[in-house]
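Worksheet: one structure, shown below.
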Amino acid sequence: MHLQPEIDRHIRQVLEHGQFILGPEVAALESALADRTGARHCIAVSSGTDALLMALMAWGIGPGDAVFLPAFTFTATAEVVALLRAEPVFVDVDEASFNIDPQDLSRQVRRVLSEGRCRPRVVVPVDLFGLPADYPSIGALAAEHDILILADAAQSFGGRQGDKAVGVLGDMTATSFFPAKPLGCYGDGGAMFTDNPDWAALLKSLRVHGSGATKYEIARVGINGRLDTLQAAILLAKLPTFSQEIDARNQVADWYDARLKGHVTLPPRQAGSVSAWAQYTIRVPNRSKVQAALQAQGIPTAVYYPQPIHLQAAYRVYGHGPGSLPVSERISDEVLSVPMHPYLSEEQVGAICTALLDVVTR
Ligand SMILES: *Cc1c(COP(=O)(O)O)cnc(C)c1O
């Protein structure tokens with residue numbers, strides 16, 4: 001890869017100074033990421049999952065608290081809520097965006113309020129496949145009910161909505177640097193963003209076991225949630241070309257759209273938003289046939305996600321069973337993600353589309 005010499009140089013520097021935990025590259029990355037997003041504070045952490053967990057811990061979320069999230073997402077979004085013994089409340093997604101449906105969110109908040117069993121505290125919109133959720137509508141509802149917004153931007157880092165970058169769209173934002181995400185490191189990693197200095201201080205304490213003024217003074221129960229220095233160094237080396245990579249992903253998406261339009265259901269887009277295009281995800285009714293045909297031609301595809309979370313064995317206890325969130329259930333049966341990365345050429349996209357159209361229109 002063209003970035004390899006620069007990445008190697010950054011790794012060597014870390015090996016030389018030997019500060020593997022919270023070394024200077026971590027602080028340098030945090031300030032670079034804060035600058036890029038416009039967020040006042042960035043806290044680099046061990047993974048996207050830990051970022052979500054620490055955000056909820058900073059807000060003191062626990063038993064008796066309702067946390068609203070889309071049913072059509074990666075497990076981690078729900079798992080952190082269950083781990084804290086709070087109540088995950090699954091919300092259906094909007095068919096036009098694959099993201100949390102503000103109208104269903106409003107219904108679910110009212111339902112939880114009328115049941116009176118737990119208190120609505122947080123909504124976790126997920127920017128699925130890289131496209132920011134409907135933060136203006138969610139924000140209005142959250143303000144009405146005094147609910148905090150934790151943006152799960154694990155897939156959307158590098159995206160925008162209007163004049164705002166992903167990172168400043170929620171009260172807190174969690175992102176991931178897992179290798180397959182738009183900005184990937186060489187292992188696990190993540191970051192959190194907020195404008196609130198008190199929350200930022202809490203997050204910094206939580207990621208080092210809840211440390212107080214000194215290392216051995218423990219002010220609260222925390223976790224080991226640090227990003228390691230080598231990962232920070234790798235991300236610093238990748239950051240200068242990241243905007244070009246997001247542009248390239250958008251170009252690849254445009255090439256796909258142009259070829260596939262009228263033949264399959266294209267991925268959601270939103271006027272005024274820039275997707276980070278973590279995935280290019282179409283809908284096809286005969287998914288397994290299409291997948292097998294592409295596989296036979298050496299074209300890898302993936303299904304994110306074959307089952308919405310409210311139907312997963314571990315989470316059924318929180319949900320209302322099959323038929324309760326119809327859009328999430330319908331979409332899960334049809335979504336198919338085709339190759340997407342910034343270094344795909346127009347010819348490669350063309351070849352993938354030819355193979356795809358061959359089976360779809362057969
Ligand atoms: C990847 C992902 C996470 C978790 O990130 P990790 O860094 O793998 O822990 C959380 N939410 C969503 C939507 C994701 O795609």
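Keep in mind that the numbers below use all heavy atoms, side chains included, and drop hydrogens, waters and symmetry copies. In listed order, ligands and their atoms are each counted from 1.
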### Query
Among all protein non-hydrogen atoms, which one is nearest to atom 4 (C) of ligand 1, and what is the separation to 0.1 Å?
Thr49 OG1, 3.4 Å
### Task
Quick one: which residue pairs count as a salt bridge (charged side-chain N to carboxylate O under 4.0 Å, His left out) with a foot in residues 150-177, not counting sequence neighbours?
none
### Task
Go through ligand 1 atom by atom and flag the ones less than 4.0 Å from a non-hydrogen atom of Ala76.
4 (C), 10 (C)
### Task
To the nearest 0.5 angstrom, please state how far the CG atom of Leu325 sits from the CD atom of Gln108.
6.5 Å
### Message
So, regarding Ser176 and ligand 1 (criterion: nitrogen or oxygen to nitrogen or oxygen, under 3.5 Å), is there a contact or not?
### Response
yes
### Message
For a quick check under 3.5 Å, do Glu329 and His310 share a side-chain donor-acceptor pair by atom type?
### Response
yes
### Message
Less than 4.5 Å apart, side chain to side chain, heavy atoms only: is that true for Val303 and Leu336?
### Response
yes
### Task
I would like to know whether Ser337 and Thr281 meet side chain to side chain donor-acceptor pair (under 3.5 Å); could you show each step before the answer?
CA-CA 4 Å; Ser337 301; Thr281 304; 2.8 Å; yes
### Query
For ligand 1, which atoms sit closer than 4.0 Å to a heavy atom of Val126?
13 (C)
### Heavy-atom nearest neighbour in the protein, as seen from atom 14 (C) of ligand 1, with distance rounded to 0.1 Å
Lys181 NZ, 3.0 Å
### Query
Against heavy atoms of Thr77, which atoms of ligand 1 measure under 4.0 Å?
11 (N)
### Query
Considering only heavy atoms from C-beta outward, does the side chain of Ile61 approach that of Val81 to under 4.5 Å?
no
### Query
Can you find an N or O of Gly48 that's nearer than 3.5 Å to an N or O of ligand 1?
yes
### Query
Is there side-chain contact between Thr194 and Thr173, with heavy atoms separated by less than 4.5 Å?
no
### Message
List ligand 1 atoms under 4.0 Å from Ser47, heavy atoms only on the residue side.
### Response
7 (O), 9 (O)
#### Entry: Minimum non-hydrogen distance to atom 12 (C) of ligand 1, winning option of Gly184, Pro179, Ala154, Ala78
Ala154
### Message
Between ligand 1 and Thr73, can you find any atom pair, the residue atom being a heavy atom, that is separated by under 4.0 Å?
### Response
yes
### Query
Hey, which atoms in ligand 1 end up nearer than 4.0 Å to a heavy atom of Gln155?
13 (C), 14 (C), 15 (O)
### Query
Hey, is ligand 1 close enough to Asp152 that some N/O pair sits below 3.5 Å?
yes
### Query
Quick one: are Lys261 and Leu266 in side-chain contact, heavy atoms under 4.5 Å?
yes
